Participant: 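Below is one structure. I have some questions about it.
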Amino acid sequence: MKKIMKKIVCILFVLVILISVVACGGNAENAEPEKLLSGNIVNISKYGNITLTTTKEEMTEKGFEFGDIVTVSFADESIDIPYCSTYSDVDAGAAGLFGRYDDETVTIAVNMGNFATIYNIADKITQEDQSYEWVYRESIDESLTFVINMKQKRGYYSEYVLRQLSYSDEREDYPELSDEQFGNFRVVTTTGIGENILYRSATPVDPQKNRNTFVDAAARLHGITVVIDLNDSEAALDEFEGFESSYFATTEYIALNMGLDFTETDFKTKLRDGLKYMCEHEGVYLVHCLEGKDRTGFVIALLEFLMGATYSEAEDDYMITYYNYYGVKKGDEKYDVIASSNFEKNLLRSFEVTDVKNADLDRLSTEYIKSIGLTDSEIATLKANLMPRDRG
């Protein structure tokens with residue numbers, strides 16, 4: 001009996017050793033890497049995105065890949081978010097950890113939102129010249145530690161793959177596009193808006209996307225007289241090479257330096273100023289941000305709805321941008337995903353409704369514009385400035 005018991009003990013011991021070896025991958029060299037990293041704040045961007053000291057290389061070495069779901073813990077917060085390559089890999093209003101292709105370190109951000117403010121890290125203080133500074137909340141500073149741990153391997157991978165988009169800033173990479181399409185420049189033709197009165201585009205002045213000269217030339221060709229610049233401050237405009245000699249500089253313009261969180265008071269205040277400027281300056285209008293995609297897309301949709309456009313008209317206009325940059329066409333698998341996660345989600349958040357496709361969009365846009373500070377009289381003037389005109 002003792003011999004039998006001894007044999008059993010020996011067998012159990014061997015099994016424990018084997019299980020331990022398998023769990024450890026056989027040796028330390030092949031062991032599953034510990035998926036735990038930490039980092040501090042490098043800076044907070046204009047949009048409230050937080051760049052961390054943690055590098056993409058460190059993420060890879062620890063076994064993290066795009067499409068994983070990670071837990072990020074900081075201060076009193078702990079959030080489960082996907083690790084992705086660009087902001088549009090998550091829905092508008094959703095948070096993510098991003099290892100963007102041109103960056104060495106990772107960024108934690110809310111797509112179309114202000115992570116720093118939403119998560120009580122810092123407040124953006126805007127000056128009269130539209131410049132800004134970040135002020136940390138009490139007991140918070142750059143030394144705040146963000147701990148990154150694995151939540152679910154490949155837990156977001158299928159969604160991540162579906163959302164993958166990339167574009168080039170080189171004109172020769174878009175032989176099928178006109179110069180105006182490359183600059184994401186186009187006239188708005190939805191219901192109620194007068195012919196050749198309202199245009200939208202990428203930036204005509206900032207050279208970083210290599211589209212500014214094409215947009216500036218288009219603005220000249222189409223006789224733009226009033227520009228609503230959602231992207232830049234007055235100080236930034238003066239720093240762009242060639243600005244003084246640009247066509248843009250000859251127009252009536254307002255530089256608003258708006259963020260990406262449409263629900264923020266700062267965004268709404270600047271939008272109010274931009275719409276009031278349109279009331280005060282009848283003309284041929286151009287609305288632009290950097291790419292002419294999201295901030296421009298929201299402002300143009302607001303004006304389209306105000307003038308009587310349907311949801312599908314405004315969505316179709318918004319999605320032209322995704323053809324101009326990414327070649328996405330109606331009917332493509334990614335088309336509906338993008339339209340839902342960006343265009344629809346932004347409208348739902350801004351209008352504070354649960355169904356925007358079947359809503360009274362004229363009423364919602366009017367109420368929204370009134371809520372940010374325009375009077376009934378100013379709204380009437382804005383509509384009159386966008387209506388068809390007798391140019392005879």
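As the structure is a prediction and not an experimental result, all values here were calculated from the model.
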Participant: Using the rule given for ring-ring contact (aromatic ring centres under 6.0 Å, His included), can you reason through Y160 versus F98, listing the C-alpha separation, both sets of side-chain angles and the distance that settles it, and then say yes or no?
Facilitator: CA-CA 12 Å; Y160 167 75; F98 303 99; over 10 Å; no
Participant: Counting the benzene-type ring for Trp, do Y322 and Y326 have ring centres under 6.0 Å apart?
Facilitator: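 Ring centres of Y326 and Y322 closer than 6.0 Å.
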Participant: For the atom pair OG1 (T55) and CD (E61), what is the distance rounded to the nearest 0.5 Å?
Facilitator: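 Answer for the OG1-CD pair, T55 versus E61, is 7.0 Å.
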Participant: Would E142 and N40 count as having a side-chain donor-acceptor pair, cut-off 3.5 Å?
Facilitator: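 No - no donor-acceptor pair under 3.5 Å links their side chains.
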Participant: What is the ring orientation for F262 with F267, classed by angle as parallel under 30°, tilted 30 to 60°, or perpendicular over 60°?
Facilitator: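 Ring orientation, 0 to 90° scale: tilted.
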Participant: So that I know where these two stand, are F185 and Y199 an aromatic pair - ring centroids less than 6.0 Å apart?
Facilitator: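 Yes, close enough.
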Participant: Using a strict cut-off of less than 4.0 Å between a Lys/Arg side-chain nitrogen and an Asp/Glu carboxylate oxygen, indicate whether K276 and E378 qualify as a salt bridge.
Facilitator: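 Salt bridge: yes.
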Participant: If we ignore hydrogens and angles and just use 3.5 Å, is the side chain of E77 paired with the main-chain N or O of Y119 as donor and acceptor?
Facilitator: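 Flag not set: sc E77 to bb Y119 has no pair under 3.5 Å.
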Participant: Is it possible for you to check whether R220 lies under 6.0 Å from the centre of the six-membered ring of Y247, through NZ or CZ, and within 45° of that ring's axis?
Facilitator: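 Cation-pi check for R220 and Y247: fails.
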Participant: Please confirm whether F240 and F248 have ring centers closer than 6.0 angstrom.
Facilitator: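 That pair fails the under 6.0 Å test.
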Participant: Determine whether the side chains of T321 and N184 contain a donor N or O and an acceptor N or O closer than 3.5 Å.
Facilitator: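 Judged by distance alone, the side chains do pair up.
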Participant: Using a strict threshold of under 4.0 Å (side-chain N to carboxylate O), is an ion pair present between K151 and D68?
Facilitator: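 Not counted as a salt bridge, because no side-chain N and carboxylate O are separated by less than 4.0 Å.
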Participant: Centroid separation under 6.0 Å, is that true for the rings of F298 and Y368?
Facilitator: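 Here the rings of F298 and Y368 have centres that are less than 6.0 Å from each other.
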